[in-house]
Amino acid sequence: MRWENESIEKLSSVPLRNGIYKGKEFQGSGAKIINMKELFAYDFIGGQEMKRIELNSSEEKRYLVKEGDLIFARRSVVAEGAGKTSIIQNLEEKTTFESSMIRVRLDQYKCVPLFYYYYFTSHLGRSQVLSLSTGVNVKGIKGSSLNKLIVPNPTLPTQQTIASILSAYDDLIGNNLKRIKLLEEAAQHLYNEWFVNFNFPGSENTFFSEKTGLPDEWEEDFIGNTIAKVKRPGKLKRGEYLEKGKFPVIDQGRELIGGYSNDEGIVISKKLPMVVFGDHTRRVKFVDFPFVCGADGTQLLYPKNEKLVPAYFFLAISNIDLSNYAYARHFKFLKEQKIIIPSNTVLKDFNALVFPLLKQCTKLMDYNNRIKEARDLLLPRLMNRTLEV
C-alpha cells in the first residue's frame with residue numbers, strides 16, 4: 001500500500017517550540033526540566049530524576065510537555081547528535097524542557113507519536129534530520145526547517161501496527177533494565193552492609209582498631225596505589241562503530257555497549273574482569289568479556305592488589321563520590337580517594353555472593369544488545385516498506 005507524505009507542520013497540533021531558559025534564581029524547585037543530559041541518555045523520557053525550575057502559569061501553558069511529545073536536540077557539539085530524538089512517555093509530574101531542544105506535538109487524530117519516534121530513529125529519518133543541520137564547531141537544526149520536513153504519513157492502523165511491533169522489543173529491553181537495576185541494588189545493599197555498616201559475617205566477634213576504626217587485618221590505601229590501567233592496543237572512533245560484529249565497543253555513553261567491531265587487533269581481552277571508568281561522566285561499569293575500547297576518556301582499570309576481588313573492586317570505586325569536583329579529568333580525583341582493603345576471608349566470601357549478581361547483569365546487557373540488533377534490523381524494513389504490515 002502506498003504511503004502518503006506530509007510536512008511536520010501539517011501533522012502537528014500546535015506550532016513547534018524551542019525550550020525555556022531561566023536564570024539561576026529560578027532553579028532548584030518547581031517543575032522538572034529536561035536537559036541535554038536526559039535527552040542524550042534516554043530515548044523514553046518521563047519518570048527520571050531531573051533538575052527543577054520554577055514556571056509561572058503562562059510559561060506552563062507554553063513550555064510543559066505532554067505524553068507523546070517528540071523532543072529534538074536543537075544543537076550538539078557532535079555532528080551526529082544534532083536532531084537526536086526522544087519521546088515523552090510515562091510522565092509523573094509537570095515537566096518542561098530547556099532551550100537547546102525543539103518540541104514537536106503531533107496531532108494524535110492524524111498520527112501515532114510512537115511511530116514517528118521510531119521513524120526518526122531509523123536510518124531514513126535520521127538522514128532527513130541530519131540533512132537539516134548547519135554549523136561548524138556546533139551542529140544544529142532550526143525549528144523552521146524541521147517544520148517543513150516532509151515525512152511519511154501512512155494510515156493510523158499502519159502506524160499503530162508498526163509502533164506496536166517495535167515497542168515490543170523496547171518493552172523487553174526495559175524489563176531487562178529493571179532486572180539489572182534490582183541486581184545492582186542487591187549488590188550495593190550487600191556492599192553497604194558489609195563495608196559501610198560493618199555488618200559482615202563474624203563482625204560481632206571482630207576486634208576493631210581504635211586507631212583506624214577498621215576491623216583487625218583490614219587496611220586503607222589511596223585508590224591510586226591499588227589500581228592499574230590497561231594499556232589499550234588501540235581505540236575506535238564513533239564513526240567506525242558497526243551495528244553488529246564480533247566484539248562490543250564500550251564507551252562513556254549511557255549504555256555499556258555503544259556498537260560493535262570486527263577488529264581483533266584492538267580487542268581488550270586480558271586482565272578480565274575489569275572496571276570501566278568514564279573520565280568525563282564518572283560512570284563505572286563492570287566488564288567480564290572481551291571488548292573494544294571506544295571514545296576518549298574511558299579508563300580501563302583492574303586492581304594491582306590481588307586481594308581486591310572483582311566484585312568488591314567495582315563496588316568500592318562505584319561508591320566514590322566525585323560530585324564536588326568540577327569537570328576535569330575525573331580520574332585524577334579518583335586516584336586521590338581512599339579505599340578500604342578488607343581481609344582475604346571477608347573478600348572471598350563477599351565475592352562468592354556478589355560476583356554471580358554482576359555476572360547476571362552482564363548477561364542481561366548482552367541479551368539487550370541482541371534484542372536491539374533484531375529491532376534495528378526490522379526497523380528500516382518496516383520504514384522503507386520492504387516488509388509490509
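In this chain, numbering begins with 1 at the start of the sequence shown. Values below: all heavy atoms of this structure, side chains included; hydrogens, waters and symmetry mates excluded.
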If I take atom CZ from residue R126 and atom CD from residue Q128, how far apart are they, to the nearest 0.5 angstrom? 11.5 Å
Under the ring pair (Phe, Tyr, Trp, His ring centres under 6.0 Å) definition, can you give me all pairs with a residue in residues 216-240, not counting sequence neighbours? F195-W218, F198-W218, F200-W218
How about K304: does its NZ atom have over 12 heavy atoms from other parts shown lying under 6.0 Å from it? yes
Between side-chain atoms of residues 168-175 and protein atoms elsewhere (two or more places apart, or another chain), which donor-acceptor pairs fall under 3.5 Å?
residue: D170; atom: OD1; partner: R375; partner atom: NH1; Å: 2.6
residue: D170; atom: OD2; partner: Y118; partner atom: OH; Å: 2.5
residue: N175; atom: ND2; partner: D171; partner atom: O; Å: 3.3

Suppose we screen for side-chain contact (heavy atoms from CB on, under 4.5 Å). Which residues come up paired with T161, at least two apart in sequence or across chains? I165, V389
Heavy-atom check, side chain of F355 versus side chain of F314, under 4.5 Å: no
Please write out which residues are connected to I33 in a hydrophobic cluster, directly or through intermediates, given that two of Ile, Leu, Val, Met, Phe, Trp, Tyr count as joined at side-chain heavy-atom separations below 4.5 angstrom. I20, F26, I53, L55, Y63, L64
Would you indicate whether the side-chain heavy atoms of D43 and Y117 approach each other to under 4.5 Å? yes
Acceptor/donor pairs from residues 140-153 side chains to any protein atom, 3.5 angstrom cut, sequence neighbours excluded:
residue: N153; atom: ND2; partner: Y116; partner atom: OH; Å: 3.0

By the side-chain hydrogen bond (donor to acceptor under 3.5 Å, both in side chains) test, which pairs, at least two apart or in different chains, include something from residues 186-199? Q188-N192, Q188-N319, E193-N197, E193-N199
For N90, is there any backbone N or O sitting under 3.5 Å from a side-chain donor or acceptor partner on E67? yes
Does any part of the side chain of Y42, heavy atoms only, come nearer than 4.5 Å to the side chain of I34, both counted from C-beta? no
Any residue meeting side-chain contact (heavy atoms from CB on, under 4.5 Å) with V309, in chain and number order, not counting sequence neighbours: Y312, L347, N351
Residue pairs passing the salt bridge (charged side-chain N to carboxylate O under 4.0 Å, His left out) test where at least one lies in residues 346-371, sequence neighbours excluded: D288-K359, D366-R370
Partner residues of E98 under the side chain to side chain donor-acceptor pair (under 3.5 Å) criterion, sequence neighbours left out: S100
Just by distance, do the side chain of T121 and the backbone of Y119 share a donor-acceptor pair under 3.5 Å? no
Quick one: pull up CG in L11 and CG in L106 and give me the separation to the nearest 0.5 Å. 6.5 Å
Check whether any side-chain heavy atom of T212 sits under 4.5 Å from a side-chain heavy atom of E220, and report yes or no. no
Report yes if the side chains of Q27 and K51 come closer than 4.5 Å at any heavy-atom pair, otherwise no. no
Under a 3.5 Å cutoff, is there a donor and acceptor pairing between the side chains of T386 and N384? yes
Scan for salt bridge (charged side-chain N to carboxylate O under 4.0 Å, His left out) pairs involving residues 100-123, sequence neighbours excluded, and state none if there are none. D69-R105
Please confirm whether the ring centroid of F313 lies under 6.0 Å from the ring centroid of Y302. no
Distance from E184 atom CD to S318 atom OG, nearest 0.5 Å? 8.5 Å
Just wondering, do T362 and Y367 contact through their side chains at under 4.5 Å, heavy atoms? no
Where do S261 and V292 come nearest, in terms of heavy atoms and distance? CB-CG2, 4.0 Å
Could you check whether any side-chain N or O of S12 sits under 3.5 Å from a backbone N or O of P15, counting only pairs where one atom can act as donor and the other as acceptor? no
Below 4.5 Å, heavy atoms only, C-beta onward: do K338 and I223 meet side chain to side chain? no
Is there a donor-acceptor pair closer than 3.5 Å between any side-chain N or O of S164 and the backbone N or O of Q160? yes
Going by distance alone, is a donor N or O of one side chain under 3.5 Å from an acceptor N or O of the other, for Q159 and T155? no
Show, in sequence, the C-alpha distance, side-chain angles and deciding distance for S203 and T206, and conclude whether the side chain to side chain donor-acceptor pair (under 3.5 Å) test is met. CA-CA 5 Å; S203 59; T206 299; 6.0 Å; no
Please determine, by modelled atom types, if S86 and K84 share a side-chain donor-acceptor pair under 3.5 angstrom. yes
Checking side-chain contact (heavy atoms from CB on, under 4.5 Å) for the pair I45/I87: CA distance, chi angles, key distance, verdict? CA-CA 6 Å; I45 300 177; I87 187 169; over 6 Å; no
More than 12 non-hydrogen atoms from neighbouring residues, nucleotides or ligands closer than 6.0 Å to CD on E25, yes or no? yes
I162 side, atom CD1; R381 side, atom CZ - distance, nearest 0.5 Å: 12.5 Å
Which residues share a side chain to side chain donor-acceptor pair (under 3.5 Å) with K246, sequence neighbours left out: E264
Pairing residues for E4 by the salt bridge (Lys or Arg N to Asp or Glu O under 4.0 Å) criterion, not counting sequence neighbours: R2
Applying ring-ring contact (aromatic ring centres under 6.0 Å, His included), run through F120 and F72 and close with a yes or a no. CA-CA 10 Å; F120 284 114; F72 292 79; 5.1 Å; yes
Can you tell me how far apart CG (L183) and SG (C361) are? Round to the nearest 0.5 Å. 4.5 Å
Does the pair Q360 and R179 meet the rule for a side-chain contact (heavy atoms from CB on, under 4.5 Å), with working shown? CA-CA 9 Å; Q360 183 63 18; R179 292 173 63 190; 3.8 Å; yes
Side-chain touch M101/L39, heavy atoms, less than 4.5 angstrom: yes
Is Q337 reaching over with its side chain to a backbone N or O of L334, donor-acceptor style, under 3.5 angstrom? no
Return yes if some donor-acceptor pair links the side-chain N/O of R52 with the main-chain N/O of A31 below 3.5 Å, else return no. no
Got a salt bridge between K22 and E59, using NZ or NE/NH1/NH2 to carboxylate O under 4.0 Å? yes
About how many Å separate CD of E60 and CD of E54, when rounded to the nearest 0.5 Å? 11.0 Å
